2 protein chains.
Amino acid sequence: MRSRVICNALAPEAREALGRLGRIQRYPRGTTLVWEGEDSRIVANLLSGVLKLSSSTADGKEQILGVAYPSDFVGRLFAPVASYRVTALTDVEVCLFSRTAFEAFAREHPALEHALLEHTLADLDRAHAQLLDLGRRSASARVAAFLLDLSQRLAEARCAAAGGDGQPLDSFDLPLDRQQIADLTGLAIETVSRTLQKFHRAGIIALAGRRHVEIRDRARLATIAEA
Amino acid sequence: MRSRVICNALAPEAREALGRLGRIQRYPRGTTLVWEGEDSRIVANLLSGVLKLSSSTADGKEQILGVAYPSDFVGRLFAPVASYRVTALTDVEVCLFSRTAFEAFAREHPALEHALLEHTLADLDRAHAQLLDLGRRSASARVAAFLLDLSQRLAEARCAAAGGDGQPLDSFDLPLDRQQIADLTGLAIETVSRTLQKFHRAGIIALAGRRHVEIRDRARLATIAEA
DNA sequence: CGACTAATTGAGTCGCTTCAATAAGCGTGG
DNA sequence: CCACGCTTATTGAAGCGACTCAATTAGTCG
């Protein structure tokens with residue numbers, strides 16, 4: 001598996017030049033970095049923390065389109081307006097770039113555009129998987145798939161950062177609260193809660209506190225996620 | 001708006017070289033060009049007709065991830081296996097490439113990779129819009145959005161091909177049957193039928209035969225699609 | 001420890017699905 | 001050109017999964 005960090009595609013000197021273009025910035029949890037519909041002025045590389053990408057209907061119902069973990073690239077290149085909102089789910093640290101400056105730099109560095117293309121294709125695959133979930137799967141399947149995907153991606157992020165082994169984690173803290181899980185899975189908050197409790201009672205997962213989850217029977221969870 | 005055809009990004013001589021790499025192929029309606037999960041050996045440029053990209057759950061429920069129109073690029077670059085099925089909804093004519101050969105060519109032609117990146121970002125935007133639909137909108141809103149999107153994209157495809165004006169069409173034939181509309185919108189076929197009839201009775205659209213649709217009140221349709 | 005927020009639980013409703021039957025569209029052959 | 005048969009679409013009735021509204025409980029933080 002190749003590096004998930006965009007700028008690793010670049011030669012050291014180019015990477016340094018790119019580094020000079022961006023600036024490190026921290027935001028507290030809850031901050032919205034980009035609003036949907038507003039000018040798309042910035043793009044960013046997530047260094048630490050978790051971001052949500054979301055969009056909402058005219059009557060205010062929110063749908064989370066994706067969640068970004070450390071090493072992920074976020075922002076809409078080559079479009080004048082942002083099509084989704086970007087909000088910090090935890091305190092975050094990002095490397096910010098002006099969109100146009102980044103685009104100009106990318107034009108000069110085909111390897112970077114190549115890395116962006118691969119990254120975007122991976123995002124598209126994830127969006128497709130989520131489409132199948134939202135369109136055709138039951139509440140239980142969606143919640144199960146969410147837990148499985150989260151454990152995988154948290155492991156990957158840890159791996160990219162501190163160099164773990166990349167094995168999916170069985171015990172972790174949810175970066176999202178119940179409402180956000182509901183917004184991601186397209187369910188009501190009560191349905192998420194009931195489903196989680198049902199898994200808990202069935203011994204498939206263990207819940208401790210509001211945020212902690214332990215996957216006790218990954219195979220069963222995978223079966224539920226399939227159908 | 002820039003050209004929607006990938007290879008227009010290339011200089012004439014490069015375009016000709018790419019042309020020699022591909023081969024024109026026709027398939028009758030109903031043919032599956034790529035199966036999900038099988039080796040991703042080919043990619044293609046759609047010349048005429050309509051393709052559906054779909055995926056399904058273990059228990060056989062299908063979800064259409066997207067629909068491709070003339071000038072669209074289809075196939076999963078840089079991945080060993082295809083993540084979705086590609087099926088011809090009408091008779092189609094495509095320009096086929098070996099995936100690996102196309103990738104190698106793209107490496108040599110940054111302008112092509114750039115065009116692919118923009119194309120993929122547009123696909124991602126569409127997937128995001130569909131996520132919001134499936135996760136948070138009612139059956140009526142989904143069907144209305146489908147009709148509006150279709151009229152827009154048919155006009156664009158016509159524009160790219162024959163050089164029309166690109167205005168959304170008010171009268172057109174559906175390239176999908178009711179079941180396929182259901183698979184695209186994540187609804188049951190009966191719900192699609194009922195919704196279409198409801199729009200018809202309300203004078204928002206006119207229906208003739210199985211496939212023909214005429215949008216009579218685009219504004220009202222847009223309002224319904226919003227909520 | 002107390003106050004506030006987040007999560008859980010219960011009851012009732014609604015929208016969509018499912019199952020079943022009818023009707024319409026369309027190609028075929030007489 | 002029309003009758004026939006097959007496929008596709010429509011319509012109806014019933015059921016259920018997830019939502020909504022409301023109340024209770026559990027966590028968390030000062």
Side-chain angles (χ1 to χ4, degrees), chain A residues 28-30 52 56-57 59-63 89-91 133-147 173-202 205-213 224 227, chain B residues 28-30 52 56-57 59-63 89-91 133-147 173-202 205-213 224 227:
Chain A
R29 134 198 284 232
K52 74 169 180 187
S56 41
T57 60
D59 55 334
K61 281 178 287 190
E62 181 165 340
Q63 175 65 47
L89 290 179
T90 63
D91 291 351
D133 273 358
L134 296 190
R136 293 300 186 204
R137 291 199 224 264
S138 67
S140 297
R142 294 187 217 177
V143 174
F146 159 74
L147 291 171
D173 281 333
L174 297 167
L176 297 81
D177 64 24
R178 298 291 189 272
Q179 181 59 61
Q180 287 160 345
I181 298 173
D183 291 341
L184 183 64
T185 53
L187 298 168
I189 184 172
E190 297 92 334
T191 305
V192 171
S193 185
R194 280 186 250 268
T195 306
L196 249 15
Q197 294 302 323
K198 193 178 68 179
F199 290 167
H200 187 186
R201 283 192 301 274
I205 62 172
L207 295 167
R210 296 184 184 177
R211 296 296 188 118
H212 196 79
V213 175
I224 294 169
Chain B
R29 134 199 283 233
K52 74 168 181 188
S56 42
T57 61
D59 56 332
K61 280 178 287 190
E62 181 164 339
Q63 176 64 47
L89 290 179
T90 63
D91 292 351
D133 273 358
L134 297 190
R136 294 301 186 203
R137 290 199 223 267
S138 68
S140 296
R142 293 187 217 176
V143 174
F146 159 74
L147 291 171
D173 281 333
L174 297 167
L176 298 81
D177 63 26
R178 298 291 189 272
Q179 182 59 60
Q180 288 161 344
I181 298 173
D183 292 341
L184 183 64
T185 52
L187 298 167
I189 184 173
E190 298 92 335
T191 305
V192 171
S193 185
R194 280 187 251 267
T195 306
L196 249 15
Q197 293 302 324
K198 193 178 68 179
F199 290 167
H200 187 187
R201 283 192 300 273
I205 62 172
L207 294 167
R210 298 184 194 191
R211 296 298 189 117
H212 196 79
V213 175
I224 294 169

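Letters A, B, ... are given to chains in the order of the sequence lines, protein chains preceding strands, and every chain is numbered from 1. No experiment lies behind these values; they were computed from the predicted model shown.
- The distance between atom CD1 of I181(B) and atom C1' of dT10(D), rounded to the nearest whole Å, is 14 Å.
- Two residues are said to be in side-chain contact when any heavy atoms from C-beta on lie closer than 4.5 Å; L89(B) and Q180(B) meet this criterion.
- With sequence neighbours excluded, no residue forms a side chain to side chain donor-acceptor pair (under 3.5 Å) with T90(A).
- Partner of F146(A) under the side-chain contact (heavy atoms from CB on, under 4.5 Å) criterion, out of D133(A), L187(A), L174(A), T195(A): L174(A) alone.
- At whole-Å resolution of the value, CZ in R178(B) and P in dT7(D) are 18 Å apart.
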**Item:** Footprint string (nucleotides 15-20 of chain D, 5' to 3'): B base within contact, S backbone only, - free, heavy atoms under 4.0 Å
**Value:** ---SSB

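- The distance from the CG atom of L207(A) to the CZ atom of R201(A) is 10.5 Å, given to the nearest 0.5 Å.
- Under the rule for a side chain to side chain donor-acceptor pair (under 3.5 Å), R142(B) has no partner lying at least two apart in sequence or in another chain.
- Annotation for L196(A) and L147(A): closest pair CD1-CD1, 4.1 Å, computed over non-hydrogen atoms.
- With sequence neighbours excluded, no residue forms a side chain to side chain donor-acceptor pair (under 3.5 Å) with S193(B).
- With sequence neighbours excluded, no residue forms a side-chain contact (heavy atoms from CB on, under 4.5 Å) with R210(B).
- In the helix from dC1(C)-dG30(D) to dG30(C)-dC1(D), the end axes, each obtained as the rotation axis mapping the C1' atoms of four pairs onto the next four within a five-pair block, lie 40° apart to the nearest 10 degrees.
- Listed by chain and residue number, D59(B) satisfy the salt bridge (Lys or Arg N to Asp or Glu O under 4.0 Å) test with K61(B) (two or more places apart in sequence, or in another chain).
- By the salt bridge (Lys or Arg N to Asp or Glu O under 4.0 Å) test, R178(A) pairs with no residue at all, sequence neighbours left out.
- Shown here are the side-chain contact (heavy atoms from CB on, under 4.5 Å) partners of A202(A), two or more places apart in sequence or in another chain: I204(A), R220(A).
- Residues in residues 183-195 of chain A take part in these salt bridge (Lys or Arg N to Asp or Glu O under 4.0 Å) pairs, two or more places apart or across chains: D183(A)-R136(B).
- Contact detail for A182(A) and A188(A): the closest heavy-atom pair is CB-C, 3.8 Å.
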Filtered N/O pairs between nucleotides 24-29 of chain D and protein, under 3.5 Å:
residue: dG27(D); atom: N3; partner: R210(A); partner atom: NH2; Å: 2.9

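- The nucleotide range of DNA chain C contacted by chain A, defined by atoms under 4.0 angstrom from heavy atoms of the protein and reported 5' to 3', is dT5(C) to dA11(C).
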